[in-house]
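Before any comments, here is the structure.
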Number of protein chains: 2
Amino acid sequence: MDASLEPLKARRIYLLLRERIASGEISPGTRLASEPALALQHGVSRVTIRRALDSLATDGLIDRRVGAGTFVREPEAPRPIVADFSNMLTHLVEMGRRTGVRLLAFSYVQPPEAVAQALALGSGERTQRSVRVRLIDGKPFSYLTTHVPERIGLTYSEADLATVPLLTLLERSGALVERASQAISATLAGPDVAEALGLEIGSPLLSLTRVVLGPDGSGVEHLHALYRPDRYSFQMELHRAGEAGERRWSPVPAKAG
Amino acid sequence: MDASLEPLKARRIYLLLRERIASGEISPGTRLASEPALALQHGVSRVTIRRALDSLATDGLIDRRVGAGTFVREPEAPRPIVADFSNMLTHLVEMGRRTGVRLLAFSYVQPPEAVAQALALGSGERTQRSVRVRLIDGKPFSYLTTHVPERIGLTYSEADLATVPLLTLLERSGALVERASQAISATLAGPDVAEALGLEIGSPLLSLTRVVLGPDGSGVEHLHALYRPDRYSFQMELHRAGEAGERRWSPVPAKAG
DNA sequence: GCAAGTTGTCCTATACGCTATACAGCTAGA
DNA sequence: TCTAGCTGTATAGCGTATAGGACAACTTGC
């Protein structure tokens with residue numbers, strides 16, 4: 001995922017080839033067109049092609065052999081982490097792997113307007129804001145920003161947050177959790193997120209926004225999560241239920257990736 | 001979503017500011033720091049700052065007033081289209097809006113290795129490959145690439161594909177649909193997809209890959225979908241079911257966006 | 001062994017992104 | 001009204017990406 005330093009034209013071609021490789025349009029093991037041929041095809045100079053191939057090489061997507069050509073490499077570990085989505089709330093399928101959390105920020109703040117509105121807070125009401133990076137096997141894969149109303153946030157400590165899942169903390173504190181609404185989208189990595197996740201600026205990210213509400217409609221948690229798509233994806237298995245006319249699908253608890 | 005032409009430095013700053021605006025760190029209506037001030041803060045020239053602001057302006061995120069300053073604009077229409085995710089298979093919540101399909105490609109091909117494997121095809125077995133762009137109110141929002149085994153694909157016509165949902169065509173043809181598996185991720189727009197969706201190269205995209213299988217494990221459909229995140233997102237409402245110890249969530253059919 | 005074709009490296013000239021600076025026109029507040 | 005500060009615009013100079021070419025080293029197939 002090296003959305004690299006090389007600007008403009010080289011980057012275009014990098015993205016183009018990367019897509020073709022990822023989509024399987026060029027199968028692993030195949031020889032790519034030669035550098036002069038690619039330069040001709042794309043109407044750029046060979047130097048530019050070489051820059052694009054450099055990026056693909058450092059991504060580990062291709063092998064370059066002097067005198068022989070450039071070859072698409074067999075992918076090694078395809079999708080390390082998978083989020084179980086069967087209950088519509090993501091949680092990790094860990095399979096014995098070591099996960100960790102780094103707490104980047106923890107404070108009580110005046111929340112952004114959008115958050116205050118989603119949580120149905122009174123004007124001036126503050127929230128506990130925390131920024132966490134989750135790791136698996138020592139490598140970061142998600143960047144989580146959460147807002148919790150101050151009165152609820154005070155029921156647990158900074159140390160709790162670094163070890164216990166937030167939803168558990170909330171329930172333990174007596175906050176009633178009634179319903180949730182979440183949206184999944186995509187965005188680009190800004191400088192700070194890129195830094196925290198070990199990515200280049202402008203890399204693609206999976207984005208999840210979740211608002212958890214109590215029975216009276218009061219906000220309990222606002223979560224904004226960003227995931228590295230190469231290390232994390234949402235995955236779900238579905239079984240078909242019901243008869244032909246009625247097309248329905250029901251989730252199957254995922255157990256592996 | 002104008003991940004623009006301006007390269008490198010301007011793009012960085014564009015992304016940085018865009019993130020701060022989107023996250024609410026800079027509230028709507030607020031005046032941004034002046035261009036010279038921003039230039040100083042970020043260690044770049046004012047021209048570069050101006051390029052970043054140009055992009056934000058064409059995105060409709062800011063208003064620039066000569067002599068007065070640059071202001072964060074109130075967001076207008078937040079999320080036009082929403083996919084109902086309650087049955088775990090996306091389908092549009094249309095709300096009376098006009099949707100359309102453009103068929104970009106239709107042919108029988110030797111499928112990529114990854115697709116052949118996912119569909120459990122014999123070696124050499126061909127597939128019907130189609131590329132479609134879906135529109136809402138005349139504006140493109142998704143780019144769909146599907147592979148269907150040749151024997152099934154032959155049961156409907158190119159014209160059918162432009163009007164009837166594919167899953168319906170498959171069921172009508174007698175193909176038994178037993179289970180499906182799908183994954184959601186994110187990626188960047190390559191040149192062709194960017195062109196088809198009216199985006200700049202390198203824009204972020206939501207990505208969905210779905211494999212539909214019959215009762216005997218044979219493949220029925222392989223779908224690779226790319227969505228413009230500014231026009232489309234997956235959204236779901238959840239109700240809490242079960243008792244405290246058992247944390248379970250059940251989906252609620254979404255009906256609006 | 002030989003020839004054709006490949007990647008790796010170096011060169012020069014050009015195009016372009018970026019800096020730095022200056023100034024005009026506009027706005028808001030004193 | 002006047003002034004300080006803002007955006008809009010233009011200019012010149014510098015560094016770097018790109019184009020285009022040449023050559024060496026290597027691999028493969030004949």
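Treat the numbers as computed from the prediction; the structure is a model and nothing was measured. Naming: A, B, ... by sequence-line order, numbering from 1 per chain.
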Exercise. Any chance the side chains of A:T146 and A:S130 put a donor and an acceptor closer than 3.5 Å?
Worked result: yes
Seminar exercise, completed: Side-chain contact check for B:R64: nearest option of D:dG8, D:dA19, C:dT19 is D:dG8
Problem set entry | Gap between atoms CZ and C1', on B:F71 and D:dT7 respectively (whole Å) | 11 Å
For this session: Can you tell me the distance, in whole Å, between the CD1 atom of B:I49 and the P atom of C:dG17?
Result: 17 Å
For this session: Specify the residue among B:A68 and A:V66 whose closest nucleotide of DNA chain D lies further upstream toward the 5′ end.
Result: B:A68
Problem set entry | Contact under 4.0 Å: B:T70 side-chain N or O vs D:dC6 OP1/OP2 | no
Exercise. Between residues 32-44 of chain B and DNA chain D, which residues have a heavy-atom gap below 4.0 Å?
Worked result: B:S34, B:E35, B:P36
Exercise. Would you say B:R228's side chain and B:L197's backbone share a donor-acceptor pair under 3.5 angstrom?
Worked result: yes
For this session: Measure from CD1 on A:I13 to C1' on D:dT18 and round the result to the nearest Å.
Result: 11 Å
Seminar exercise, completed: The residue among B:H224, B:E221, B:Q182 that forms side chain to side chain donor-acceptor pair (under 3.5 Å) with B:R210 is B:Q182
Exercise. Side-chain N or O of B:T48 less than 4.0 angstrom from OP1 or OP2 on C:dG17?
Worked result: no
Seminar exercise, completed: Exactly one of B:H147, B:R126, B:E150 clears side chain to side chain contact (heavy atoms under 4.5 Å, CB included) with B:V109, and that residue is B:H147
Exercise. Among the nucleotides D:dT7, D:dA19, D:dA10, which one has an atom lying closest to any side-chain atom of A:V47?
Worked result: D:dA19
Exercise. Could you walk me through whether A:Y232 and A:F234 pass the ring pair (Phe, Tyr, Trp, His ring centres under 6.0 Å) check?
Worked result: CA-CA 7 Å; A:Y232 190 85; A:F234 300 133; 5.6 Å; yes
For this session: Would you check if the side chain of B:S34 reaches a backbone N or O of B:A37 as a donor-acceptor pair within less than 3.5 Å?
Result: yes
For this session: Considering non-hydrogen atoms only, spot the tightest contact between A:P149 and A:L119 and give its length.
Result: CD-CD1, 4.3 Å
For this session: Give one of base, sugar-phosphate or nothing for B:R65, where a contact means two heavy atoms less than 4.0 Å apart.
Result: sugar-phosphate
For this session: Starting at atom OH of A:Y14, determine the distance to atom C1' of D:dA17, rounded to an integer number of angstrom.
Result: 19 Å
Exercise. Out of C:dC18, D:dT9, D:dA17, which has the shortest distance to the side chain of A:R51?
Worked result: D:dA17
For this session: For A:R46 and C:dG5, give me the distance from atom CZ to atom P, rounded to whole Å.
Result: 15 Å
Tabulate protein N/O versus nucleotide N/O from nucleotides 12-14 of chain D, keeping only pairs under 3.5 Å, one per line.
none

Exercise. Is the backbone of B:P140 close enough, under 3.5 Å, to the side chain of B:R231 for a donor and an acceptor to pair up by distance?
Worked result: yes
For this session: Mind grabbing the angle between the end helix axes of the helix from C:dG1-D:dC30 to C:dA30-D:dT1? Five pairs an end, 10° rounding.
Result: 30°
Exercise. Would you call B:D59-B:R73 a salt bridge at under 4.0 Å N-O?
Worked result: no
For this session: Would you kindly give the CZ-to-C1' distance between A:R31 and C:dA4, to the nearest whole Å?
Result: 12 Å
Problem set entry | Side chains of B:P111 and B:R129 in contact at under 4.5 Å (non-hydrogen atoms) | no
For this session: State, with a plain yes or no, whether a side-chain heavy atom of B:K9 is found less than 4.5 Å away from one of B:R51.
Result: no
Seminar exercise, completed: Between CG of B:D63 and P of D:dG8 the distance, given in whole Å, is 11 Å
For this session: Would you name the heavy atoms of A:G124 and A:Q110 that are closest together and state the gap between them?
Result: CA-NE2, 3.3 Å
Exercise. Which part of the nucleic acid does A:R50 contact within heavy-atom distance under 4.0 Å: base, sugar-phosphate only, or nothing?
Worked result: base
For this session: Specify the separation, in whole Å, of atom NZ of A:K9 and atom P of C:dC16.
Result: 8 Å
Exercise. Hey, is the side chain of A:S45 poking within less than 4.0 Å of OP1 or OP2 on D:dT18, counting only N and O atoms?
Worked result: no
